[in-house]
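To keep things clear, I will list the structure first and then write my remarks on it.
Chain letters run A, B, ... following the sequence lines, proteins first and then strands; every chain starts at 1.
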There are 2 protein chains.
Amino acid sequence: MNTLAEENYLKSIYHLSINAENVSTNQIAASLNTKASSVTDMLKKLADKALINYTKYQGVSLTSSGEKIAVNIIRKHRLWEYFLVEKLKFKWDQVHDMAEEMEHISSAELIDRLDEFMDYPQHDPHGEPIPDCNGRFKASELKPISTLSVHDSGTISGVRDHSSSFLQYLEKQQLTLGKKISIMEIVEFDHSMIIQMENKKEIHISREAANNLLIAL
Amino acid sequence: MNTLAEENYLKSIYHLSINAENVSTNQIAASLNTKASSVTDMLKKLADKALINYTKYQGVSLTSSGEKIAVNIIRKHRLWEYFLVEKLKFKWDQVHDMAEEMEHISSAELIDRLDEFMDYPQHDPHGEPIPDCNGRFKASELKPISTLSVHDSGTISGVRDHSSSFLQYLEKQQLTLGKKISIMEIVEFDHSMIIQMENKKEIHISREAANNLLIAL
DNA sequence: TAAAAAATTTAGACTTATCTAAATTATGAA
DNA sequence: TTCATAATTTAGATAAGTCTAAATTTTTTA
């Protein structure tokens, strides 16, 4: 088994790998709130365990066994988030930190039974896909609404930022998963957008918000 | 917050305190599978935090704040065990190690909602009382069937040993919680007992088993 | 393309929790 | 009540994970 710190590094590398082939020491340090020197130490350790491909000064990528572990942790995280929202009635902005602890519970049988108990959910409360017990899932085909043009429309299906401040803002604006929206206007000056809800109400959202709100194709 | 190691020491001291006023270094070492010298180090640390009363060479007891923490961990342990058995359909002999990890999940709101979700169970799958959110619970008024006499009878309501070997043995003999039994004979030679089940079937159990099987008064 | 800046690694130190071996204190049997 | 034994503590070491400061490598830019 791997330590808690190792698991967190693998997960962080996995998430950062979505944007780039290789992940840098500084990126990992920033995402884990540690110092670059601490990261270097851990990278050596993970490389020794054959969980990452690491060449000094060149950044890292996960090996297939490293990726397997990372995906499993993400599976656990997302299933626990689903549990917290669907069964224990937490709001989607409250569950991240709890799931961050729960994802390290080791038993595979526990998580498989939890999956069954909840009837094999496909997406977590933020719209992220939940890997199955073999680590398989379809990559989300979502894109930020900031990429849409005027008159485009679609269904809100995910968020990129999971911070409670963002999620609470969305909640307040009723911009929650499943809601249908249309782009009414894009303000050229600051790239903010005016969008229309199903109930015809119009909302003005910033470029930053638009970048973090995802829509199904 | 306290570290995982600290929490395990407090829990261990709490459990050992049931038999004695003061708990010895060696008892703690045995229960946690560590060395006495490691225990001494930790005792100093816990005493500094005012979680235990500690005088060199004299053993320890929990302070009220130490006890509060210990009871809270036990509450979490027992609620998670109940969840695993009632919701995820694990057997009572499978849940201990998982709960041992889950009891360290920190959120109080999570555990209170879990409690509510399960409709405030009073006892865990082994018959142990579950403390409420204020740490209150009625001490179990159970006694080992080894203390009974011939012709006495009662309902199996708890076990003292939570090892899966013992629990599996009980399962096989149908000696599970809620079953009514009567003492038919006590073998003087080895203190083993012949007991009768509701269905009139007779079972012969060792003194050791009788010591670990608890009955409601 | 060489110097400056940024990124990364190394060196050495600290904390937590553990260990072994040695020293000290308490206990109980003669 | 003393002395052997058991229990406990102390001293010093180790491993994991982190840190700061210094050194090194890579990248950028002029």
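- Between the side chain of A:Ser37 and the base of D:dT20, at least one donor-acceptor pair of N or O atoms lies under 3.5 Å.
- Side-chain N/O atoms of A:Lys44 include one lying less than 4.0 angstrom from OP1 or OP2 on C:dT10.
- Salt-bridge formation is detected for the pair B:Arg113/B:Glu109: a Lys NZ or Arg NE/NH1/NH2 atom is positioned less than 4.0 Å from an Asp or Glu carboxylate oxygen.
- If A:Tyr57 and A:Met42 are placed on DNA chain D by their nearest nucleotide, the residue sitting closer to the 5' end is A:Met42.
- Between B:Phe117 and B:Phe83, the two ring planes are tilted [angle within 30° to 60°].
- Shortest non-hydrogen contact noted between B:Ser192 and B:His204 is OG-NE2, 2.8 Å.
- Paired with B:His126 under the rule side chain to side chain contact (heavy atoms under 4.5 Å, CB included), one option of B:Leu177, B:Leu214, B:Val159, B:Val85 passes, and it is B:Val159.
- If you take CG of B:Asp41 and P of D:dA11, they are 11 Å apart, rounded to a whole angstrom.
- Rounded to an integer number of Å, the gap from B:Leu46 CG to D:dT9 P is 13 Å.
- Rounded to a whole Å, the CG atom of B:Asp48 is 11 Å from the P atom of C:dT16.
- Regarding contacts with the backbone of C:dT8, every side-chain N or O of A:Tyr54 stays at 4.0 angstrom or more from both OP1 and OP2.
- Residue B:Ser38 has its side chain nearest to C:dT18 when only C:dT18, C:dA26, D:dT8 are considered.
- In the set C:dT9, D:dT9, D:dT18, the nucleotide with an atom closest to the side chain of A:Ala5 is D:dT18.
- Nucleotide D:dA7 holds its C1' atom 13 Å from the CD1 atom of B:Ile28, rounded to whole Å.
- Remark: A:Asp112 engages A:Arg75 in a salt bridge, criterion side-chain N to carboxylate O under 4.0 Å.
- Counting to the nearest Å, the P atom of C:dT18 and the CD atom of B:Glu6 are 10 Å from each other.
- Along DNA chain D, the nucleotide nearest to B:Thr25 and the one nearest to A:Thr34 differ in position, and the one closer to the 5' end is contacted by B:Thr25.
- Note on A:Tyr9: every side-chain N or O is 4.0 Å or more away from OP1 and OP2 of D:dA16.
- For B:Asn26, the side-chain atoms get nearest to D:dA7 when compared with the rest of C:dT10, D:dA7, C:dT16.
- Atom pair B:Gln58:CD and D:dA6:C1' shows a separation of 15 Å (rounding to whole Å applied).
- The nearest whole Å value for the distance from the NZ atom in A:Lys56 to the P atom in D:dT27 is 15 Å.
- In this structure, B:Leu43 atom CG and D:dT8 atom P are separated by 10 Å, rounded to whole Å.
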